[in-house]
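In what follows, every chain begins at residue 1, and chains take the letters A, B, ... in the order their sequences are listed.
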Amino acid sequence: MHSDIRVRFAPSNTGHLHIGGARTALFNWFFAKHHAGAAILRIEDTDRQRSTEEYYDAIMEAFDWLGLEWDEGPYRQSQRMDIYKESVNKLLSSGAAYRCTCTPDQVNAMREKARADGKTPKYDGTCRGRYDKDPNVPFCLRLRTPDAGETIVDDILAGEVVFENSQLDDMVIVRTDGTPTYNFCVAIDDIDMKITHVIRGNDHLSNTPKQVLVYKALEEPTPNFAHISMILGPDKKRLSKRHGADSVLEYRDRGFLPEALINYLVRLGWSHGDQEIFTKKEIVENFSLENLNRSAAIFNPEKLLWLNQEYIKSADGDFLVESLDTGLKERGLLPDLLTHGTRKGIVNELRTRSRTISDMIDGARFFFENEIEFDEKAASKFLNPENSGLIMKLRDELTKIETFSTENVKSVFHLVMEEETIKLGKLAQPVRVAITGGTISPGIFETISLLGKDRTILRLNTALAKIDE
RNA sequence: GGCCCCUUCGUCUAGCGGUCAGGACACCGGCCUCUCACGCCGGUAACAGGGGUUCGAGUCCCCUAGGGGUCACCA
């Protein structure tokens, strides 16, 4: 099973892989996998000022975490200069490209004048017909754009999008410093890599006719285009650092599971009936560009949180224990204070109470702290002389238990409740505060049996002492 | 501003000429209950507006409005 379909995801390493880029990468990846084609990663690092190795590494780390493996690449544009040069020579000899000695200032002046005259601001083609160029004057290379006619982009999602050539500029394909520009490299790379489907953000649609012109000038067939909708922030503005264009790695650090992020991101714009939760396999099986929504989607953190919890609820226990362990260590706590089995019990209690892994670790802290911190409000409400008799009685009864199981702990509670003729709530809350420091925790029997006999007794005594203060 | 794209509950979406316009998140009730959750049951809530086409329009066409994108020797 293998097809000729080839797609690429082409981020620039001028920043982290943010969720918008990740979503585009995912659509490419799933499209390739669905068709048993090839998914290619290409780093667009021709911006020498802003591209960094740190970002390059961070992007690779993000894909590693997401579990996306690429069939080819990462290719680096910075290492492909020979390929661009070859195409430049072709265009130069065919006359499709020409030398331009106009300075940026001159070009800006042209644009401003055109704008003032109410026309499309563009380069006026001054250097198109000049062949008497002084080789000592610095120059850039421009691509000759037809003055009339139209360039049509046949988009899988948007249909045929028509651009008037008169709207298009003679774009620079090689800068004065000799480096090729983005819109040029993209086309050359996509040709060279035999890309069959260019799936990318809607923000590139307006750039596409420029690239199509490069294909035409080189007499190469154009690939299929699919310009997908973008993700907007809660204010309907383009996602930016201000509102949630966070890097993928930040979601990892905040305790999200990669499967949940992937599921959420893919469902933003793509759907399969009423289904909300998908395994990677299910997405691969069902993914198609036709089911992509054409309108922009607003990023909803609440739903991501819900999905994340769904994944935590059904996550493998050992995986959660592992996550717990690393989280505890990061916070300077020792997981080994409790056995692996006990920790597994803890995560099983916490999984229905945690929207993120970070929540889970916060909820587990008190099990591992030698001195718990008391929530003042809770302490003053429940740790008072009125309750000390109850706590003492419970402590004495717990001390008698040999097998500290949930069932046995429960029996002790019921014994005390009967003797004192009180409801469980009356007893559970003070005890909860005594052993956890607060009013929120898993069930009290489970919590106590998981905490263990010695530590429970110790904490009850500590609480008793606190009451006496 | 020119050009391009988009428009179903607050949000993500189903719908592909005839539906009581469905699901999910969030929200609001209720049940469960030792706290917090989970779970279960129920509820509020949408076809941007206006013209056509059609026996019939959320679905097709046009206009308006709104939102977004793009106009570099950045990517």
Side-chain angles (χ1 to χ4, degrees), chain A residues 10-15 44-47 49-51 77 100 102-104 107-108 111 114-115 118-123 138-142 153 155 157-159 161-164 166-169 171-177 179-183 185-186 201-210 227 229-230 232 234 236-238 264 267-277 293-307 309 313 349-355 363 378 382 413 417 423-429 431-433 436 438-445 447:
Chain A
S12 69
N13 58 332
T14 55
E44 316 239 315
D45 56 356
T46 50
D47 186 337
Q49 272 75 45
R50 298 188 301 148
S51 295
Q77 285 188 328
C100 172
C102 297
T103 63
V107 177
N108 283 337
R111 290 208 170 90
R115 197 182 283 266
K119 292 187 216 154
T120 306
K122 53 188 264 194
Y123 176 68
F139 62 89
C140 68
L141 259 32
R142 286 181 184 276
V153 176
D155 192 275
L157 293 172
V161 185
V162 180
F163 295 87
E164 296 293 330
S166 58
Q167 297 287 330
L168 270 26
D169 217 341
M171 72 159 171
V172 172
I173 59 171
V174 177
R175 301 183 185 93
T176 307
D177 66 3
T179 59
T181 59
Y182 168 77
N183 279 118
C185 295
V186 168
N202 214 313
D203 49 335
H204 287 276
L205 184 54
S206 302
N207 280 327
T208 309
K210 299 179 185 179
H227 287 91
S229 66
M230 312 188 56
L232 268 31
K236 293 199 168 192
K237 288 271 188 292
R238 184 180 189 158
Y264 178 75
R267 267 289 281 117
L268 220 51
W270 177 79
S271 57
H272 180 65
D274 285 338
Q275 191 171 346
E276 295 286 348
I277 298 176
N293 206 312
R294 285 197 280 266
S295 54
I298 294 173
F299 185 79
N300 183 352
E302 284 295 323
K303 191 158 184 181
L304 207 208
L305 244 11
W306 167 76
L307 248 185
Q309 172 156 26
K313 280 195 299 197
E349 288 301 323
L350 255 18
R351 69 203 309 160
T352 53
R353 291 164 237 259
S354 310
R355 302 214 287 180
F382 293 104
F413 267 76
M417 282 157 61
K423 294 250 174 105
L424 180 53
K426 197 88 175 72
L427 179 58
Q429 276 311 75
V431 173
R432 194 187 311 279
V433 176
T436 73
T439 56
I440 298 169
S441 85
I444 193 69
F445 313 135
T447 302

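- A:G269 comes within 4.0 angstrom of sugar-phosphate atoms only, judged by non-hydrogen atoms across all strands, and of no base.
- Regarding the sugar-base torsion, B:rC47 falls in the anti class, its angle being beyond 90° of 0.
- Looking at residues two or more places apart in sequence or on another chain, you find no side-chain hydrogen bond (donor to acceptor under 3.5 Å, both in side chains) involving A:K122.
- Within 4.0 Å of A:I444, counting heavy atoms only, lies at least one base atom of the nucleic acid.
- Residue contacts for A:G425: at a heavy-atom cut-off of 4.0 Å it reaches the sugar-phosphate backbone alone, with no base atom in range.
- Looking at the side chain of A:K313, the nearest of the listed nucleotides B:rG39, B:rA37, B:rU11 is B:rG39.
- The base of B:rC36 lies close enough to the side chain of A:R353 for a donor and an acceptor atom to sit less than 3.5 Å apart.
- Note on A:P442: a base of the nucleic acid sits closer than 4.0 angstrom, heavy atoms only.
- Under the ring pair (Phe, Tyr, Trp, His ring centres under 6.0 Å) criterion, A:Y123 pairs with no residue at all, not counting sequence neighbours.
- When heavy atoms are screened at a 4.0 angstrom cut-off, A:V433 is found touching no nucleic acid atom at all.
- On a pure distance criterion of 3.5 Å, a polar donor-acceptor pair joins the side chain of A:R432 and the base of B:rC34.
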Assign a letter to each nucleotide of nucleotides 20-29 of chain B from its 5' end: B, base within under 4.0 Å of a protein heavy atom; S, sugar-phosphate only; -, no contact.
-> --BBBSS---

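- In this structure, A:T439 has no side-chain hydrogen bond (donor to acceptor under 3.5 Å, both in side chains) partners at least two apart in sequence or on a different chain.
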Could you write out each protein N or O paired with an N or O of nucleotides 64-73 of chain B at a distance under 3.5 Å?
{"from": "B:rG68", "atom 1": "OP1", "to": "A:K237", "atom 2": "NZ", "distance (Å)": "2.9"}
{"from": "B:rG69", "atom 1": "O3'", "to": "A:R238", "atom 2": "NH1", "distance (Å)": "3.2"}
{"from": "B:rG69", "atom 1": "N2", "to": "A:S206", "atom 2": "OG", "distance (Å)": "3.4"}
{"from": "B:rU70", "atom 1": "OP1", "to": "A:R238", "atom 2": "NH1", "distance (Å)": "2.7"}
{"from": "B:rU70", "atom 1": "OP2", "to": "A:R238", "atom 2": "NH1", "distance (Å)": "3.1"}
{"from": "B:rA72", "atom 1": "OP2", "to": "A:R111", "atom 2": "NE", "distance (Å)": "3.2"}
{"from": "B:rC73", "atom 1": "O2", "to": "A:T176", "atom 2": "N", "distance (Å)": "2.8"}
{"from": "B:rC73", "atom 1": "O2", "to": "A:T176", "atom 2": "OG1", "distance (Å)": "3.0"}
{"from": "B:rC73", "atom 1": "N3", "to": "A:T176", "atom 2": "OG1", "distance (Å)": "2.4"}
{"from": "B:rC73", "atom 1": "N4", "to": "A:C102", "atom 2": "O", "distance (Å)": "2.8"}

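- The phosphate of B:rA75 has OP1 or OP2 within less than 4.0 Å of a side-chain N or O from A:T46.
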Can you pull every protein N or O that's under 3.5 Å from an N or O on nucleotides 43-50 of chain B?
none

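- Under 4.0 angstrom from either OP1 or OP2 of B:rA14 there lies at least one side-chain N or O belonging to A:S271.
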